[in-house]
Colleague: 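A single structure is presented below for examination.
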Amino acid sequence: MSRQYDLDWIRVVATLAVFIYHALMFFNPWAWHVKNNVTDPTYVTAISLFMSSWLMPIFFAVSGINSYFALQKRTGWQYMKERLARLGIPLLFGVMVLTPPQVYMERVSHGQFSGSFISWYPHYFEGVYLDIGGSGNFAFVGLHLWYLFVLLVFSTITLPFFRKLKPSISNELKPIQLLSLSIPLMLLNILVDVVNLGGWDISFYLVIFLYGYFFFTKASFKSICQKMLPITMVTSLFTTVFFVYGFMSGMPAAGHGLSIILALVKALNCWSWLLVIFALADRKLSFSNNWLKYGNQASMPFYVLHQPVIVTLGFMLADLDWSIPAKLVILLTIAFVIIMTIYHFIILRISFIRILFGTKAKREERMYNKPNVKI
């Protein structure tokens, strides 16, 4: 199985997009761990809405695809062992080491605690952290690391199902089938509300994960995405304008009917952007170079580190009398430099630290350089 470099590019670019999105969370009006002294309800909010529609779903789509290829050459035990090492260890490290300072800074910035981090730390194990500004402190999903937690759960509960039903990658997928896959997503977004994470219900992510495994791995998927690109691009742009304008104009609170329409448009917007992203990546990013090799290795540590660094810098920048654009540029620049410095000079060079951040072993990295190996 030849490696699909476009999936690696999607993962790397999506990780950078999450980094930008969480920096924007410091400035938009939505609840977050720390907030700037001035927020922006216009362009920052509009960009945040646009990114929130497709950002986390694309991670679950790629994860579903990778799960399919992983199970073609691994036993169920090998598959789960890899998932526990790549997801479970960084999640546990994040919960116990990286998350407490973020919760502490949230409590201080929200006026819920005053004092040093050392004096607050014993309180970290008091109650379960369920929402920003709540009373519980123990964040068992690691705040932004909820993606690792949910993906680990999905990998576990779907494994028996995947082992029993093995889809053929060569089966043809028709355009009408690809379009019809948006219908369950639209219905889920108006009917199901179990646990909301990153702007979507957890059931929505599960369906996207299953789509990645059963449909996005078919040989005809990319060619159909290419053929449908003009349609999906127009749909993406139109639904983006409708969704962003509708949300910012108060449509969710304007009435039950309008709320349903907005939820349907949001789901369609997500689906169309997923198809556009896969089509463009296949067309422009089906190659490898040293930037991709480095970025692919750095993507997991970067994801694990990015929010603690942003929250810490935001906590220090919050009360400074600077404009939002100036603070945003400074926040993004300094945070990126800090994260990449930690990765390049510490994580990349110390084997034990690599394991804590879910980075591949040296042998796996050498295998990555072989173009005929799918990892």
Colleague: Give a yes or no on whether the backbone of S135 and the side-chain of Q112 come within a donor-acceptor separation of less than 3.5 Å.
Modeller: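 No; judged by distance alone, with no hydrogens or angles, the pair does not exist.
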Colleague: Spell out, as yes or no, whether a donor-acceptor pair under 3.5 Å connects the side chain of T359 to the backbone of L348.
Modeller: no
Colleague: Just wondering, do L328 and W322 contact through their side chains at under 4.5 Å, heavy atoms?
Modeller: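 Of all side-chain heavy-atom pairs linking L328 with W322, none is under 4.5 Å.
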Colleague: Between S53 (side chain only) and F50 (backbone N and O only), is there a donor and an acceptor less than 3.5 Å apart?
Modeller: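 Not confirmed, S53 side chain does not pair with F50 backbone.
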Colleague: Is the W200 ring parallel, tilted or perpendicular to the F204 ring (thresholds 30°, 60°)?
Modeller: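 Rings of W200 and F204: parallel, under 30°.
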Colleague: Are V309 and V337 co-members of a hydrophobic cluster defined by side-chain heavy atoms under 4.5 Å apart?
Modeller: no
Colleague: Check whether R83 reaches the backbone of G88 with its side chain - one donor and one acceptor, N or O, closer than 3.5 Å.
Modeller: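 Checking the backbone N and O of G88 against the side chain of R83, no donor-acceptor pair under 3.5 Å is found.
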Colleague: So which atom in R74 and which in E82 form the shortest heavy-atom distance, rounded to 0.1 Å?
Modeller: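 Here R74 and E82 meet closest at NH2-OE2, 3.3 Å.
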Colleague: Does V241 share a hydrophobic cluster with L268, counting links as ILVMFWY side-chain heavy atoms below 4.5 Å and allowing steps through other members?
Modeller: no
Colleague: What's the separation between atom CG in D282 and atom CG in L7, rounded to the nearest 0.5 Å?
Modeller: 9.0 Å
Colleague: Would you name the heavy atoms of L197 and Y205 that are closest together and state the gap between them?
Modeller: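 So the minimum-distance heavy-atom pair works out to O-OH, 2.6 Å.
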Colleague: Compare every heavy atom of P100 with every heavy atom of V95, then report the nearest pair and how far apart it is.
Modeller: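 So the minimum-distance heavy-atom pair works out to O-CD, 3.4 Å.
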Colleague: Rounded to the nearest 0.5 Å, what separation is found between the CG atom of L185 and the CG atom of L264?
Modeller: 11.5 Å
Colleague: Counting only N and O atoms by type, is there a donor-acceptor contact under 3.5 Å from the side chain of S299 to the main-chain atoms of V12?
Modeller: no
Colleague: Side-chain contact test, heavy atoms from C-beta onward, threshold under 4.5 Å: evaluate it for S119 versus F113 and give yes or no.
Modeller: yes
Colleague: When you look at CD1 of I118, are more than 12 heavy atoms from neighbouring residues, nucleotides or ligands closer to it than 6.0 Å?
Modeller: no
Colleague: To the closest 0.5 Å, what do you measure between CG (D6) and CZ (R283)?
Modeller: 13.0 Å
Colleague: I'd like to know whether N189 forms a side-chain hydrogen bond (donor to acceptor under 3.5 Å, both in side chains) with K266, so could you lay out the CA-CA distance, the side-chain angles of the two residues, the decisive distance to 0.1 Å, and finally the verdict.
Modeller: CA-CA 8 Å; N189 205 37; K266 180 185 177 184; 5.3 Å; no
Colleague: To the closest 0.5 Å, what do you measure between CG (L285) and CD1 (I277)?
Modeller: 11.0 Å
Colleague: Give the C-alpha distance, both sets of side-chain angles, the deciding distance and a yes or no for side chain to side chain contact (heavy atoms under 4.5 Å, CB included) between H344 and R349.
Modeller: CA-CA 7 Å; H344 188 79; R349 301 170 188 274; 3.1 Å; yes
Colleague: Within a 6.0 Å radius of atom OH on Y121, are there more than 12 heavy atoms belonging to other residues, nucleotides or ligands?
Modeller: yes
Colleague: Among E106, E126, R107, find the residue that satisfies the side chain to side chain donor-acceptor pair (under 3.5 Å) test when tested with N137.
Modeller: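 That would be R107; it is the only one of E106, E126, R107 passing the side chain to side chain donor-acceptor pair (under 3.5 Å) with N137.
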Colleague: Looking at every non-hydrogen atom in both residues, tell me the closest pair between F26 and A318 and how far apart they are.
Modeller: CZ-CA, 3.7 Å
Colleague: Would you check if I224 and Q177 make a side-chain contact, meaning some heavy-atom pair closer than 4.5 Å?
Modeller: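 No, every pair of side-chain atoms sits at 4.5 Å or beyond.
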Colleague: How about Y5 and F287: are their ring centroids closer than 6.0 Å?
Modeller: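 Not close enough - the centres of the two rings lie 6.0 Å or further apart.
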Colleague: Is it possible for you to say whether F140 and I202 belong to one hydrophobic cluster, with membership spreading through side-chain heavy-atom contacts below 4.5 Å?
Modeller: yes
Colleague: Between Y343 and F302, does the ring centre distance come in under 6.0 Å?
Modeller: no
Colleague: Is any side-chain heavy atom of I208 closer than 4.5 Å to one of M56?
Modeller: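 A side-chain contact is absent here, since even the closest heavy-atom pair is not under 4.5 Å.
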Colleague: Tell me every residue that passes ring pair (Phe, Tyr, Trp, His ring centres under 6.0 Å) with F214, counting only those two or more places apart in sequence or in another chain.
Modeller: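 Counting only residues at least two positions away or on another chain, F214 forms a ring pair (Phe, Tyr, Trp, His ring centres under 6.0 Å) with F161, F162.
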Colleague: For H144 and Y147, I'd like to know if the aromatic rings sit close, meaning centre-to-centre distance below 6.0 Å.
Modeller: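 Not under 6.0 Å, so no.
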Colleague: With the side chain counted from C-beta on, respond yes when S109 and H33 share a heavy-atom pair under 4.5 Å apart, and no when they do not.
Modeller: no
Colleague: Mind telling me whether Y104 and W120 have parallel, tilted or perpendicular rings, with 30° and 60° as the class edges?
Modeller: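 Tilted.
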Colleague: Do any N or O atoms from the side chain of K35 and from the backbone of M25 form a donor-acceptor pair under 3.5 angstrom?
Modeller: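 Yes, K35 side chain to M25 backbone: donor-acceptor pair under 3.5 Å.
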Colleague: Any donor-acceptor pair under 3.5 Å linking the side chain of Y211 with the backbone of L181?
Modeller: yes
Colleague: Do F60 and F154 have their ring centres less than 6.0 Å from each other?
Modeller: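 Ring centroids of F60 and F154 are less than 6.0 Å from each other.
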Colleague: Run the numbers on L71 and L159 for side chain to side chain contact (heavy atoms under 4.5 Å, CB included), then give the verdict.
Modeller: CA-CA 9 Å; L71 286 170; L159 179 59; 3.8 Å; yes
Colleague: For N37 versus L320, what's the shortest heavy-atom pair and its separation?
Modeller: ND2-O, 3.3 Å
Colleague: Taking all heavy atoms of V195 and all of D201, pick out the closest pair and write down the distance.
Modeller: N-OD1, 2.9 Å
Colleague: Apply side chain to side chain donor-acceptor pair (under 3.5 Å) to T240 and list each qualifying residue two or more places apart in sequence or on a separate chain.
Modeller: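 If we apply the side chain to side chain donor-acceptor pair (under 3.5 Å) test to T240, skipping adjacent residues, the hits are N269, W273.
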Colleague: In the structure I gave you, are the side-chain heavy atoms of F149 and L87 within less than 4.5 Å of one another anywhere?
Modeller: no
Colleague: With side chain to side chain contact (heavy atoms under 4.5 Å, CB included) as the criterion, how do F209 and L151 come out once you've worked through the C-alpha distance, each side chain's angles and the decisive distance to 0.1 Å?
Modeller: CA-CA 9 Å; F209 178 73; L151 184 56; 3.7 Å; yes
Colleague: According to a hydrophobic-cluster definition based on side-chain heavy atoms being under 4.5 Å apart (Ile, Leu, Val, Met, Phe, Trp, Tyr only), do V128 and W146 belong together?
Modeller: yes
Colleague: Do the side chain of N28 and the main chain of V44 share a donor and acceptor less than 3.5 angstrom apart?
Modeller: no
Colleague: Do I338 and L313 come within less than 4.5 Å of each other through their side chains, counting heavy atoms only?
Modeller: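 I338 vs L313: side chains touch.
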Colleague: Is K284 positioned over the aromatic face of W9, cation under 6.0 angstrom from the ring centre and no more than 45 degrees off axis?
Modeller: no
Colleague: State, yes or no, whether a side-chain contact exists between F221 and I65 at a heavy-atom distance under 4.5 Å.
Modeller: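 No; the side chains remain at least 4.5 Å from each other.
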Colleague: For the backbone of P308 and the side chain of H22, can you confirm whether one donor and one acceptor N or O come within less than 3.5 Å of each other?
Modeller: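 No; judged by distance alone, with no hydrogens or angles, the pair does not exist.
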Colleague: For the pair T39 and W30, evaluate side chain to side chain contact (heavy atoms under 4.5 Å, CB included) and give the outcome as yes or no after the intermediate values.
Modeller: CA-CA 9 Å; T39 58; W30 307 340; over 6 Å; no
Colleague: Quick check on the 6.0 Å ring-centre criterion: do F93 and F357 meet it?
Modeller: yes
Colleague: Donor-acceptor pair, D40 side chain versus Y43 backbone, under 3.5 Å?
Modeller: yes
Colleague: Calculate, to the nearest 0.5 Å, the distance between atoms CG and CD1 belonging to L317 and I334 respectively.
Modeller: 6.5 Å
Colleague: Working to the nearest 0.5 Å, report the span between CG of L305 and CD1 of I347.
Modeller: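 Those atoms lie 4.5 Å apart.
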Colleague: For the hydrophobic clusters of this structure (ILVMFWY residues joined by side-chain heavy atoms under 4.5 Å, transitively), does one cluster hold both I350 and Y294?
Modeller: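 Yes, one cluster joins them.
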Colleague: Would you say CD1 of I176 has more than 12 non-hydrogen atoms from neighbouring residues, nucleotides or ligands within 6.0 angstrom?
Modeller: no
Colleague: With sequence neighbours left out, what residues match Y79 under side chain to side chain donor-acceptor pair (under 3.5 Å)?
Modeller: S67
Colleague: Regarding Q102 and Y129, do their side chains bring together a donor and an acceptor under 3.5 Å, going by distance alone?
Modeller: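 Looking only at side-chain atoms, Y129 and Q102 do not form any donor-acceptor pair under 3.5 Å.
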